Structure formats: structure tokens, C-alpha cells
Visitor: 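If you scroll down you'll find the structure; I have some questions about it.
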Protein chains: 2
Amino acid sequence: MHERTYNADDCIDNPKSVFTVLTPKEKEFLKQNYTCAFYKKGEIIFKEGDKPLGLMILAEGKVKIFKEGVGGREQIVRMAKPVGFIGYRALFAEENHTATAVAIEDCVSCIVDKDSVFRVMRSNADLSMSVIQSFASELGFSHDRTVTLTQKHIRGRLAESLIFLKDTYGYEDDGLTIKIYLSREDVANLSNMTTSNAIRTLSTFAQEGVISIDGRKIRILDLPKLERISELG
Amino acid sequence: MHERTYNADDCIDNPKSVFTVLTPKEKEFLKQNYTCAFYKKGEIIFKEGDKPLGLMILAEGKVKIFKEGVGGREQIVRMAKPVGFIGYRALFAEENHTATAVAIEDCVSCIVDKDSVFRVMRSNADLSMSVIQSFASELGFSHDRTVTLTQKHIRGRLAESLIFLKDTYGYEDDGLTIKIYLSREDVANLSNMTTSNAIRTLSTFAQEGVISIDGRKIRILDLPKLERISELG
DNA sequence: ATCTTATTATGCTGAATAACACACAAAAAT
DNA sequence: ATTTTTGTGTGTTATTCAGCATAATAAGAT
């Protein structure tokens with residue numbers, strides 16, 4: 001982890017963040033209580049068991065959050081993008097982290113210290129309500145994933161993961177390429193399958209003309225068909 | 001659903017509920033804004049797609065909350081007990097319900113209307129913070145379950161479910177019998193397996209002396225062994 | 001009381017998918 | 001540049017578990 005000059009004010013002022021409900025004064029207060037850190041691709045941002053130090057805002061880069069299961073097998077539970085929070089579940093649950101966060105690309109993350117976050121939340125009910133709404137949505141998403149990962153077949157699980165990645169990160173300028181470049185192993189860990197089966201099923205999708213593959217670059221050629229595969233299970 | 005005279009003041013005054021952080025005045029306000037309903041065993045309390053009307057407090061009885069997956073297959077995502085909330089995820093996410101709640105026993109549920117709940121939450125930061133903490137814990141639990149249900153083998157999943165039921169509902173006076181009586185189908189839907197396999201695996205556990213079965217009454221005879229089965233996967 | 005339906009129990013078969021083995025390509029380290 | 005490591009692709013085998021059938025029992029309905 002390297003220190004670097006980075007301006008997190010952008011995060012706090014970002015119109016897409018939950019901070020829009022804050023008063024200028026409250027924003028100012030937060031801006032005086034954060035530090036920034038730079039993480040190289042592949043670096044661990046926090047590990048299962050670590051104590052959360054504050055509210056981490058992902059300012060740049062992409063992050064995977066996963067849990068270690070049976071025999072060290074990874075299950076990705078969340079994919080974070082800028083501008084978004086990471087590690088906030090443990091912070092608000094007053095627990096140590098129960099998952100590990102790893103940078104998928106070079107990342108910049110800003111930490112607002114815990115006391116400052118809590119103070120602003122107590123002073124601004126709108127912020128609390130936004131956080132509650134975020135948690136409630138995230139919990140719904142988690143329940144959905146549980147059902148998908150346990151009930152759908154490999155093809156359905158992979159199709160849903162690809163759609164999820166597209167919805168989360170969007171397309172490149174070509175309007176086809178999913179704007180994230182994951183290893184086959186990560187795709188597998190997101191979709192609850194072995195790496196071999198992720199590779200095989202991606203190839204099959206490509207043969208069927210649903211997607212095209214160029215290394216880690218995945219282009220969705222036939223979204224309706226991909227959605228049908230996802231629905232069918 | 002039958003109306004019945006029931007005193008929900010007990011719920012709001014219950015020392016185990018999140019309402020302990022409220023002032024007497026706020027409690028009084030909530031007590032003036034709730035209605036109670038009675039549900040017979042097997043009755044639906046709310047269904048996937050329904051609009052949440054308020055914050056439901058389960059005052060008496062036990063409730064299963066499940067989602068319908070591929071081919072109508074149920075996945076139980078939560079088991080509620082008194083005094084606890086039900087249907088609060090959708091309420092706070094400002095969505096329709098994404099799961100169905102069914103009474104496992106005769107139940108009494110009190111509904112505090114949405115506006116009143118939100119008003120008190122805006123006036124009392126402690127309450128909001130408690131709700132946030134609850135959501136954060138629940139989300140952690142959901143992530144745990146996802147990993148368990150996808151990665152552990154049948155025996156591990158069933159063992160974990162039995163431990164979960166014991167932790168949630170406790171023992172009968174004998175200190176052995178799990179204080180909930182589920183059908184084999186519900187046990188299966190909690191553990192992501194077919195009814196046949198739930199029956200089979202329960203029998204195996206009984207043969208091995210880990211539990212004993214008497215109809216729907218399950219007694220845990222060897223908790224350490226059950227925990228070991230759960231850990232191993 | 002008796003009929004009907006739901007639940008529990010058990011065996012058999014087949015499909016889905018994990019596990020393993022190996023080859024090859026690409027990237028990183030020396 | 002060359003060695004080592006990491007990632008990708010493909011075939012084969014083994015295992016787990018779902019699906020189905022059938023019977024016995026228990027619970028509800030008429």
C-alpha cells in the first residue's frame with residue numbers, strides 16, 4: 001500500500017454518492033477527517049478477521065470481496081466500483097471483517113475515520129436513512145444470489161454472473177464489451193463453479209454466438225438469449 | 001387473518017427489542033399507531049410482490065421467510081421468532097416484498113404504520129443506528145449462508161441448519177429438543193436439498209447417535225459431533 | 001368412522017458437475 | 001533470453017445428489 005496525493009473531496013461531493021443529503025458544513029467536516037491510500041492490482045485491501053478502521057470509499061479501480069469457504073474455496077459476495085463503499089458491513093455491524101477485499105485493478109481508496117462517520121450520521125437523519133436503504137437493497141441482492149447460486153445450473157449461473165457484471169460495470173465504448181477483465185478463476189468464484197467449468201461454459205456460450213471471447217475481454221453479442229439462459233436456470 | 005384483541009405494547013416495551021433506545025414519549029407515539037393481526041398455522045402473512053404496509057412485529061409464534069426459485073422450489077432465507085421484525089427489508093428498501101412469509105405456528109403480528117416508523121427513526125438517531133446494525137448483521141449472516149449452501153455437502157448443510165435452528169429457537173425444557181417443529185420439507189428448503197435427502201440424512205444422523213428423532217421432534221444428543229460435521233462440510 | 005390427502009420413509013437410476021490429469025500459452029521473474 | 005510461474009483449454013473419471021417410483025403412516029376432511 002503506497003500513500004499518494006489524491007483528492008477524496010471528489011468522492012464526498014460525487015452526486016451519485018449517498019453524501020448528497022449532507023449539508024455543506026457536514027461535507028466539510030468529513031473532508032477534514034479522511035486519508036487516502038493507493039493499492040496495486042492484486043493487493044489485499046482488508047482481510048477476513050481485520051478490524052474495520054473507518055468507512056472506506058473506493059475512489060478509483062475495481063474490487064472483489066470474497067469469503068473463504070470449504071477447503072479455501074473462494075466465493076465472491078460483492079463486486080465494488082467507484083464511487084462506492086467497501087468494508088462498511090463490518091463497520092456498521094461492529095464486527096471484524098468477515099470477508100476479504102482484493103484490488104482487481106489499481107485502486108484509490110479513502111478512509112473516513114469511524115467516529116467522524118458516526119457523528120455525521122447521528123446529526124443527519126437523511127444519511128442514516130440512505131444507509132439503511134442501501135443495506136436493505138444489498139440484503140435483497142444477497143438473498144437473490146443465494147437462490148441463484150444454489151438452484152440454477154451452471155449455464156444459468158454463469159449467464160446471470162455475466163449480466164450482473166454488465167449491470168455493475170457497464171460496457172466499453174463499443175457497447176458490447178463488459179467493462180471488467182476477470183480471470184476465469186474469478187468468474188468461477190463469482191458463479192459457484194470450478195475454473196474448468198467456467199472456461200468450458202464460456203467457450204460453449206461463444207460457440208453458440210451468445211458472447212465472444214478475446215482473452216479476458218468478454219463481449220455480449222446476444223443479451224436476450226443470455227437473459228433467457230439465466231432465467232431458465 | 002382474524003382480528004383479535006392483543007396488546008402490542010409488550011412488543012414495544014420488550015427489553016430485547018431495538019425499541020429500548022426510545023424515549024417514553026416516542027414509545028407512546030408508536031403504541032398509538034399500530035394494529036394487530038392473528039394468523040393461523042400455515043397462513044401467508046405476506047407474499048412476494050406485496051407492498052409492505054408498515055413495520056411488522058412478530059409478537060407470538062414462529063415464521064418462515066422464503067423465496068421461490070427455479071421450478072417453484074422454496075429457499076428459506078430467514079426464520080423469525082418473537083419478538084422480532086418481519087418484512088422490514090422490503091419496507092426500508094422501498095420495494096415490494098421479494099420473499100413470502102408463512103406462519104409455522106399460530107402467530108400474532110403487530111403492524112406499526114410506515115409513516116410513524118419513519119418519523120420516529122428520523123427523530124431518534126439511536127434507533128436508526130440500531131436498525132443499521134441489525135441490517136449489517138443480517139447481511140453478514142446471509143453471506144455466510146450463501147457460502148454454506150453452495151459449498152458444503154448435504155451432511156454439513158443439514159448439520160449447520162440444525163445448529164442454526166437450535167441457536168435461533170433454543171431448547172425445550174429437557175435441554176435437548178430443538179424448540180421448533182418443522183416438516184421434513186421445510187428442513188430441506190432451509191438446507192438446500194430435496195425432501196428425500198433431508199429425511200435420509202436425518203435418519204443417518206439418528207443412526208449415528210448425533211440426534212434422535214420422534215416425529216418432528218429433533219433432539220441434539222451430541223452437539224460437538226454435529227458441529228464437527230458442519231465444519232467439515 | 002371412513003375417505004382423502006399430506007407427510008415420512010426407502011430404494012433405484014441417471015444427470016450434473018467436481019476432481020483430476022495433462023498440454024499449452026502467456027506473463028513474470030531471474 | 002530463458003526459466004519459472006501462472007493462467008487457459010480439453011478430455012476422462014468419480015461422486016454427489018436430484019428425480020422418480022412406491023409404500024407406509026399420519027393427519028385432516030367429510
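Since the model is a prediction, treat every value here as computed from it, not as a measurement. Labels below follow one simple rule: chain letters A, B, ... track the order of the sequence lines, proteins then strands, and each chain is numbered from 1.
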Visitor: Under the side chain to side chain donor-acceptor pair (under 3.5 Å) test against B/N189, which residue among B/E74, B/R184, B/K67, B/R73 passes?
Guide: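 With B/N189 as partner, side chain to side chain donor-acceptor pair (under 3.5 Å) holds for just one option, B/E74.
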Visitor: Determine the contact category for B/R157: base if any of its heavy atoms lies under 4.0 Å from a base atom, sugar-phosphate if only primed atoms, P, OP1 or OP2 are that close, otherwise nothing.
Guide: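 Since only primed, P, OP1 and OP2 atoms lie under 4.0 Å of B/R157, the category is sugar-phosphate.
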Visitor: Take the protein atom CG of B/L232 and the nucleotide atom P of D/dT16, then report the distance between them rounded to whole Å.
Guide: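 Checked: the CG to P distance equals 14 Å.
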Visitor: Is there a side-chain contact between B/T194 and the phosphate of D/dC17, meaning an N or O under 4.0 Å from OP1 or OP2?
Guide: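 No.
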Visitor: The side chain of B/I199 lies closest to which of these nucleotides: C/dT10, D/dT10, C/dT7?
Guide: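 The answer is C/dT10.
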Visitor: Applying the salt bridge (charged side-chain N to carboxylate O under 4.0 Å, His left out) test to B/E105, which of B/K64, B/K81, B/K40, B/K62 qualifies?
Guide: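 One option only clears the test, and that one is B/K62.
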Visitor: Would a 4.5 Å heavy-atom cut-off, applied to side chains only, mark B/I65 and B/T100 as touching?
Guide: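 They are not in side-chain contact.
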Visitor: Between A/R184 and D/dG9, is there a contact of a side-chain N or O with OP1 or OP2 at under 4.0 Å?
Guide: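 Yes, within the criterion.
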Visitor: Report yes if a side-chain nitrogen or oxygen of B/S203 is closer than 4.0 Å to either non-bridging phosphate oxygen (OP1 or OP2) of C/dA9; otherwise report no.
Guide: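 No, outside the criterion.
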Visitor: A/H153 NE2 to D/dG19 C1': how many Å, rounded?
Guide: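 Between C1' of D/dG19 and NE2 of A/H153: 11 Å.
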Visitor: Check the distance between C/dA26's P and A/D214's CG and give it to me in whole angstrom.
Guide: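 Distance, rounded to whole Å: 11 Å.
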Visitor: Could you pick out which residue, A/S196 or B/M193, lies toward the 5' side of DNA chain D when each is mapped onto its nearest nucleotide?
Guide: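 Between the two, 5'-proximity favours A/S196.
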Visitor: Find the distance A/L158:CG to C/dT17:P and express it as a whole number of Å.
Guide: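 Going from CG in A/L158 over to P in C/dT17 covers 12 Å.
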Visitor: Assess, by modelled atom type and distance only, whether the side chains of A/E160 and A/T148 contain a donor and an acceptor separated by less than 3.5 Å.
Guide: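 Note: A/E160 and A/T148 side chains meet the donor-acceptor criterion.
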Visitor: Using atom CG of B/L202 as one end and atom C1' of C/dT7 as the other, report the distance to the nearest whole Å.
Guide: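 The distance from CG of B/L202 to C1' of C/dT7 comes to 14 Å, rounded to the nearest Å.
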Visitor: Regarding B/T195, tell me which of base, sugar-phosphate or nothing describes its non-hydrogen contacts under 4.0 Å with the strands shown.
Guide: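 Contact class for B/T195: none.
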Visitor: For a quick test of reading the model, state the closest non-hydrogen atom pair linking A/G42 to A/V102 and the distance between them.
Guide: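 Looks like O-CG1, 3.6 Å.
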Visitor: Please report the distance, rounded to the nearest Å, between CD in A/E185 and C1' in C/dA19.
Guide: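 Going from A/E185 (CD) to C/dA19 (C1'), I get 15 Å.
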Visitor: NA contact type, A/R155, heavy-atom cut-off 4.0 Å: base, sugar-phosphate, or nothing?
Guide: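 The answer is nothing, as A/R155 stays clear of every strand by at least 4.0 Å.
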Visitor: Among C/dT8, D/dA18, D/dG7, which is the nearest nucleotide to the side chain of B/I154?
Guide: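 Closest nucleotide among those given: D/dA18.
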Visitor: Both B/K41 and B/N192 contact DNA chain D. Which one's nearest nucleotide lies toward the 5' end?
Guide: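 Nearest-nucleotide comparison on DNA chain D picks B/N192.
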Visitor: Can you tell me how far P of D/dG7 sits from CG of A/N189, to the nearest Å?
Guide: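 In whole Å, D/dG7 P lies 12 Å from A/N189 CG.
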Visitor: NA contact type, B/D186, heavy-atom cut-off 4.0 Å: base, sugar-phosphate, or nothing?
Guide: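 The residue B/D186 makes no contact with any strand.
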Visitor: Taking only side-chain nitrogens and oxygens of B/R200, does any of them come within less than 4.0 Å of OP1 or OP2 of C/dT8?
Guide: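 Answer no for this pair, as no side-chain N or O of B/R200 is under 4.0 Å from OP1 or OP2.
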Visitor: Within this structure, what is the CG-to-P distance between A/N197 and C/dA19, rounded to whole angstrom?
Guide: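 Rounded to the whole Å, the gap is 10 Å.
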